[in-house]
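The structure displayed is predicted, hence computed values, not measured ones.
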Amino acid sequence: MTNEEIALKLTDHEHEIKSLKHRIDEQEEKGNALNELAISVKVLAVNMENMSKEQIKQGERLERLEREPADDQRYYKRTVVSCIITGVISAVVGGVMAFILQGGLS
């Protein structure tokens, strides 16, 4: 091989090496971008899981808040019915006692 052929081969090798370095740099950039994407997806998944848990908690609180007025209504309804029944029974007992005290069936 002559010096010119060697110089030509070295020039070709230099071009190939530069091309390979450029391709490796591009692959490193793509790899970094892919890693960033994977991290972002992981963070997004964790945030979604936390949001889901919070939504479940809020659903339970909302259910309790919606149920509370109905429970209160049932309580007051029972109280009113109890008062009416107590009043009727008191009136009947009072009437019977008055009847007995006035001489009753004699």
Rounded distance (nearest 0.5 Å) linking atom [atom1] of [X] with atom [atom2] of [Y]:
X: D12; Y: I17; atom1: CG; atom2: CD1; answer: 11.0 Å
X: I84; Y: T79; atom1: CD1; atom2: OG1; answer: 11.0 Å
X: Q27; Y: H22; atom1: CD; atom2: NE2; answer: 10.5 Å
X: L8; Y: H13; atom1: CG; atom2: NE2; answer: 10.0 Å

Could you work out, with salt bridge (charged side-chain N to carboxylate O under 4.0 Å, His left out) as the rule, every residue matching [X], not counting sequence neighbours?
X: D71; value: R74
X: E16; value: none
X: R64; value: none
X: E49; value: K53

Counting N and O atoms only, with roles assigned by atom type, does the side chain of [X] sit under 3.5 Å from a partner on the main chain of [Y], one being a donor and the other an acceptor?
X: E5; Y: T2; answer: yes
X: T11; Y: A7; answer: yes
X: S19; Y: H15; answer: no

More than 12 non-hydrogen atoms from neighbouring residues, nucleotides or ligands closer than 6.0 Å to CG on N3, yes or no?
->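 Counting neighbours around CG of N3, 12 or fewer heavy atoms of other residues, nucleotides or ligands fall under 6.0 Å, so no.
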Quick check: are there more than 12 heavy atoms from other residues, nucleotides or ligands sitting under 6.0 Å from CD of Q58?
->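 Enclosed: over 12 neighbouring heavy atoms sit under 6.0 Å from CD of Q58.
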Output every pair passing salt bridge (charged side-chain N to carboxylate O under 4.0 Å, His left out) with a member in residues 18-30, not counting sequence neighbours, ordered by first then second residue.
->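 Non-adjacent pairs meeting salt bridge (charged side-chain N to carboxylate O under 4.0 Å, His left out): zero.
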Could you work out the complete set of other residues in the hydrophobic cluster of I85, with links drawn between I, L, V, M, F, W and Y side chains under 4.5 Å apart?
->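 ILVMFWY cluster around I85 also holds V81, I89, V93, M97.
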N-O pairing of R61 and E54 below 4.0 Å |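 Salt bridge between R61 and E54, a charged N being under 4.0 Å from a carboxylate O: yes.
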